[in-house]
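When reading the values below, keep in mind they use all heavy atoms of this one structure, side chains included, and skip hydrogens, waters and symmetry mates. Within every chain, numbering begins at 1; the chains are lettered A, B, ... in the order of the sequence lines, protein sequences first and strands thereafter.
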There are 4 protein chains.
Amino acid sequence: MRVLVSNDDGVDAPGIHILAEHLGAVGRVTVVAPDRDRSGASNSLTLDVPIRATQMDNGYYRVAGTPTDCVHLALAGLLEEEPDIVVSGINNASNLGDDVIYSGTVSAAMEGRFLGLPAIAVSLVSRDHQGVHYEAAAQAVLLLMRRLLVDPLPADTILNVNVPDRPWAEIRGFEVTRLGKRHRSAPCIAQTDPRGRPIWWIGPAGGAEDDGPGTDFDAVRRGYVSVTPIHVDLTRYQALEKVSGWVQAMTRAMDDEAA
Amino acid sequence: MRVLVSNDDGVDAPGIHILAEHLGAVGRVTVVAPDRDRSGASNSLTLDVPIRATQMDNGYYRVAGTPTDCVHLALAGLLEEEPDIVVSGINNASNLGDDVIYSGTVSAAMEGRFLGLPAIAVSLVSRDHQGVHYEAAAQAVLLLMRRLLVDPLPADTILNVNVPDRPWAEIRGFEVTRLGKRHRSAPCIAQTDPRGRPIWWIGPAGGAEDDGPGTDFDAVRRGYVSVTPIHVDLTRYQALEKVSGWVQAMTRAMDDEAA
Amino acid sequence: MRVLVSNDDGVDAPGIHILAEHLGAVGRVTVVAPDRDRSGASNSLTLDVPIRATQMDNGYYRVAGTPTDCVHLALAGLLEEEPDIVVSGINNASNLGDDVIYSGTVSAAMEGRFLGLPAIAVSLVSRDHQGVHYEAAAQAVLLLMRRLLVDPLPADTILNVNVPDRPWAEIRGFEVTRLGKRHRSAPCIAQTDPRGRPIWWIGPAGGAEDDGPGTDFDAVRRGYVSVTPIHVDLTRYQALEKVSGWVQAMTRAMDDEAA
Amino acid sequence: MRVLVSNDDGVDAPGIHILAEHLGAVGRVTVVAPDRDRSGASNSLTLDVPIRATQMDNGYYRVAGTPTDCVHLALAGLLEEEPDIVVSGINNASNLGDDVIYSGTVSAAMEGRFLGLPAIAVSLVSRDHQGVHYEAAAQAVLLLMRRLLVDPLPADTILNVNVPDRPWAEIRGFEVTRLGKRHRSAPCIAQTDPRGRPIWWIGPAGGAEDDGPGTDFDAVRRGYVSVTPIHVDLTRYQALEKVSGWVQAMTRAMDDEAA
């Protein structure tokens with residue numbers, strides 16, 4: 001199995017090193033990751049400037065680009081052989097609920113949705129981005145990968161995995177979850193820079209609003225590895241009928257007006 | 001009605017000016033948009049540096065940030081009164097199928113999902129980013145907005161609207177659609193910069209793979225305004241059961257091993 | 001006379017508009033300036049990514065690049081006819097003493113050193129970047145330009161002009177000066193960003209250390225327009241002899257060792 | 001002796017590693033360098049966003065900033081003890097003549113002008129940025145440093161050192177030089193990006209215009225290490241008198257007009 005590893009914390013972050021080392025047990029690992037911390041990069045693709053990739057002494061590729069750029073470039077140019085799976089992480093903080101739409105970790109995995117096996121995004125549910133038990137998260141991914149080898153899931157699936165930041169022995173198991181939901185973010189933080197000009201910092205994400213049973217929030221709180229299957233089709237199918245009626249009424253009104 | 005307008009082509013793009021002017025007919029419009037073209041920015045949030053906003057002579061806010069930054073900042077700090085709705089666009093090219101996960105236009109709208117009315121992202125289905133009939137797209141949005149005022153949709157909806165690039169008189173109507181699907185992107189383009197070093201450009205998006213009846217691709221091809229309700233909950237609910245069985249089998253295997 | 005105008009405060013700054021309007025009285029003006037505030041950019045050239053220029057409604061060129069990029073691009077690609085002179089400013093703060101080695105305003109002028117007339121960098125000696133009397137600075141440049149037309153200076157000269165921020169009627173005249181010298185900068189300002197990570201801000205420039213008679217500091221303090229001729233040859237000619245002796249001694253020591 | 005080492009090719013470049021290792025023979029070395037290639041950054045200071053520094057496993061500091069930011073931050077905040085000297089390089093290409101005003105390598109050295117010993121910028125005169133004999137350049141710096149320890153030069157001096165790219169045994173010695181001069185740069189290179197939009201690349205530097213005896217160009221061509229003392233006072237003293245007469249005539253004309 002050929003495994004492409006990326007992340008959004010950057011190629012020098014501890015999580016990606018531990019992940020890559022562990023995955024060496026199940027496959028041939030290639031690392032292609034951003035040269036800087038690109039947390040919050042979402043599925044951002046760099047379209048206005050070219051990107052550059054350099055191979056480091058340890059064989060990892062360092063890319064001056066986003067997580068999505070990294071995986072996109074790996075699959076569409078850089079690598080001679082296509083990998084079977086993309087694994088992204090280990091992120092130094094959780095990606096729960098609405099986080100996933102902003103997360104570069106999840107986006108890197110999404111960019112691997114065309115490959116032969118489900119892409120995996122893995123995050124450590126740490127405090128203040130100070131993760132401790134990366135080994136536990138790596139172990140969780142390793143088990144998921146081994147399972148995939150003997151009992152594959154459909155290729156177009158993405159698994160968003162969040163692991164409690166505790167020793168592996170204290171992890172209670174795996175749970176399949178749906179994404180919970182966060183409250184609105186905290187307000188932006190207004191400051192004045194040292195030259196007297198106004199600046200704004202994006203505030204922290206909101207607390208959990210929907211974190212009840214069945215959600216990813218709930219699973220990790222109870223000490224389980226949360227596994228959420230996600231997809232890239234944003235269509236709100238449940239709303240199709242309602243919006244359809246709404247649009248038809250609008251169209252009738254237009255026609256009446258025209259008549 | 002208070003309307004917040006943003007985009008990803010930048011505050012100087014023609015589409016946002018035409019949109020803002022038209023929406024003045026139904027509400028009080030505030031424009032907060034990026035200072036540069038940020039196409040492809042997705043839901044990227046700027047977390048590592050502060051952002052700056054300056055008000056231009058015409059009252060628009062120019063923000064050195066992403067589309068998501070713009071709407072986030074407007075709602076969580078910059079504006080004194082919360083708007084009722086976010087409208088994002090008019091993008092100078094289509095946002096169909098998988099495009100929406102990369103699109104800054106759609107992301108700006110998503111960031112308005114907490115407001116009182118559905119957010120709207122609007123794109124012109126132009127050739128080569130050279131849109132002509134922005135007026136038609138603005139007219140389509142105006143009709144949707146007027147309809148919302150008399151017959152509201154649920155607030156947590158986002159409408160992704162694509163408008164054929166033709167005069168309004170030649171638009172055949174509105175259609176509710178699901179997102180189609182694109183083939184994989186074209187390969188990255190390898191070049192050498194003038195200093196002899198290798199660079200890569202992200203290649204163009206792939207052609208349509210699933211563009212049959214009911215999709216956004218199909219509606220715009222037949223001359224209709226495509227209206228796709230989308231959401232931010234990426235959970236793949238249909239897969240929950242299958243993945244659940246899969247995870248349980250894995251857990252059993254672990255337990256057996258431990259026993 | 002064809003005049004190329006640039007700056008480092010960005011194409012939307014008030015100073016460049018006032019400058020361009022006034023210079024219309026003596027020549028045909030083209031404006032090519034950065035799309036953002038690029039103060040502190042020095043002679044920075046963008047070598048790793050391509051640059052883009054778009055013409056605005058008012059005819060100005062907006063460039064996603066540094067001040068040096070702007071003038072370089074204008075002279076080496078963008079403009080069909082070569083200008084006779086580059087004028088850069090009006091900067092919203094002074095450029096005195098050591099400031100000039102960091103200043104984008106001065107660097108933009110330097111990049112015009114190959115043209116037919118001396119390049120001019122002009123700065124307003126404001127408080128806290130809140131300049132008021134840009135008109136006075138524009139007037140000072142206009143007089144310099146008119147003088148150049150009847151009594152030219154050598155082409156390879158750069159004039160660094162600082163104008164007190166007061167009404168023209170209260171300007172006491174022009175003085176030729178040498179660059180003074182600043183003390184070391186204030187320390188960097190250590191902060192913690194909203195995500196708990198350490199950041200540093202570059203502190204303000206140091207106060208004047210050498211600001212006695214004959215310096216630019218002294219002239220503006222007494223209400224004069226300071227005009228400092230500067231050049232790009234950084235060779236410290238006075239030190240050549242001393243360093244030469246020093247190097248010869250070193251070489252002899254090497255030879256002795258080898259012998 | 002405490003030595004601060006920086007560069008503009010980035011903290012991962014081969015030149016800075018070889019330099020830091022060699023200088024360990026004469027002093028305690030701290031490395032603070034940009035996280036990316038910042039060639040052409042000149043004395044650019046980052047004023048609009050904060051900068052970040054992280055210490056790598058090998059003890060080097062990686063800074064998301066310019067070369068000038070790196071040295072500025074090291075001296076004005078990061079380091080507990082002030083170094084005695086800044087050495088910048090080994091740049092992977094020459095910095096001859098006008099190059100120095102754009103060079104990040106030279107600028108990093110300039111930022112160390114307030115320390116106890118002369119700052120040194122060192123560059124390898126390679127072909128196409130593919131330097132081979134970094135060891136020779138490191139050896140040249142080491143000899144200069146040893147000489148400085150027994151026979152100091154004034155502290156406010158900066159030595160711009162260019163070393164032929166050949167084995168140390170084939171270096172013919174040291175020569176003190178003045179900066180030569182280059183012709184104007186090659187034109188910008190106009191291209192179209194993959195999305196059909198016009199872009200420009202800054203072209204290569206011009207060839208030598210003044211490279212006769214006594215210049216840095218000449219010394220390296222003949223196989224010598226070129227040592228050029230440079231300074232940061234850009235005042236063109238030779239022009240003061242001429243410009244003074246010119247300005248006085250202008251002032252008289254103004255007075256006559258007013259009379």
Quiz prompt | Test side-chain contact (heavy atoms from CB on, under 4.5 Å) applied to D:Val227 and C:Met250, step by step | solution = CA-CA 12 Å; D:Val227 179; C:Met250 183 175 76; 5.9 Å; no
Exercise. Using a cut-off of 6.0 Å, state whether more than 12 heavy atoms not belonging to D:Glu241 lie near its atom CD.
Key: no
Quiz item: Between D:Leu234 and C:His231, what is the shortest heavy-atom contact and its length?
Solution: O-CD2, 2.9 Å
Practice problem: Heavy-atom distances under 4.5 Å only: say whether D:Ala190 touches chain C with side chain, backbone, both or neither. | Solution: neither
Quiz item: Side chains of D:Arg236 and C:Asp156: does their closest heavy-atom pair fall under 4.5 Å?
Solution: yes
Quiz item: Which answer fits C:Pro198, side chain, backbone, both or neither, if we ask what part of it has an atom under 4.5 Å from a heavy atom of chain D?
Solution: backbone
Quiz item: Can a donor-acceptor pair be found between the side chains of D:Ser42 and C:Ser42 at a distance below 3.5 Å?
Solution: yes
Self-check item: C:Thr177, part contacting chain D, at a heavy-atom distance under 4.5 Å
Solution: backbone
Quiz prompt | Identified side chain to side chain contact (heavy atoms under 4.5 Å, CB included) partner of D:Cys188 from the options C:Ile51, C:Asp69, C:Leu75, C:Leu73 | solution = C:Leu73
Quiz item: If you look at every heavy atom in D:Pro154 and C:Lys242, which pair is closest and at what distance?
Solution: CD-CE, 3.8 Å
Exercise. Please name the pair of heavy atoms, one in C:Thr235 and one in D:Leu179, separated by the smallest distance, quoted to 0.1 Å.
Key: OG1-N, 3.0 Å
Quiz item: Given the rule in the salt bridge (Lys or Arg N to Asp or Glu O under 4.0 Å) test, do C:Arg184 and D:Glu82 qualify, once you have shown the distances and angles that lead to the verdict?
Solution: CA-CA 13 Å; C:Arg184 288 177 66 163; D:Glu82 184 152 291; 3.1 Å; yes
Exercise. Counting only heavy atoms closer than 4.5 Å, note whether D:Ala64 contacts chain C via side chain, backbone, both or neither.
Key: neither
Quiz prompt | Nearest non-hydrogen partners of C:Arg113 and D:Ile101, listed with the distance | solution = NH1-CD1, 3.7 Å
Quiz item: Can you find a side-chain donor-acceptor pair between C:Gln238 and D:Tyr237 that sits under 3.5 Å?
Solution: no
Quiz prompt | chain D interface, residue from C:Asp37, C:Ile158, C:Leu159, C:Leu78 that has the most non-hydrogen pairs under 4.5 Å | solution = C:Leu78
Quiz prompt | Proximity breakdown for C:Val232 and chain D, heavy-atom pairs closer than 4.5 Å | solution = both
Quiz item: For atom CD of C:Gln191, is the number of surrounding heavy atoms from other residues, nucleotides or ligands below 6.0 Å larger than 12?
Solution: yes
Exercise. Please assess C:Arg52 against D:Asp193 for the test salt bridge (Lys or Arg N to Asp or Glu O under 4.0 Å), listing each intermediate value before the final yes or no.
Key: CA-CA 10 Å; C:Arg52 294 168 192 270; D:Asp193 78 12; 2.9 Å; yes
Practice problem: For residues C:Leu47 and D:Gly40, report the shortest heavy-atom separation together with the two atoms involved. | Solution: CD1-CA, 4.1 Å
Quiz item: Between D:Ala41 and C:Ser44, which heavy-atom pair has the shortest distance, and what is it?
Solution: O-CB, 3.5 Å
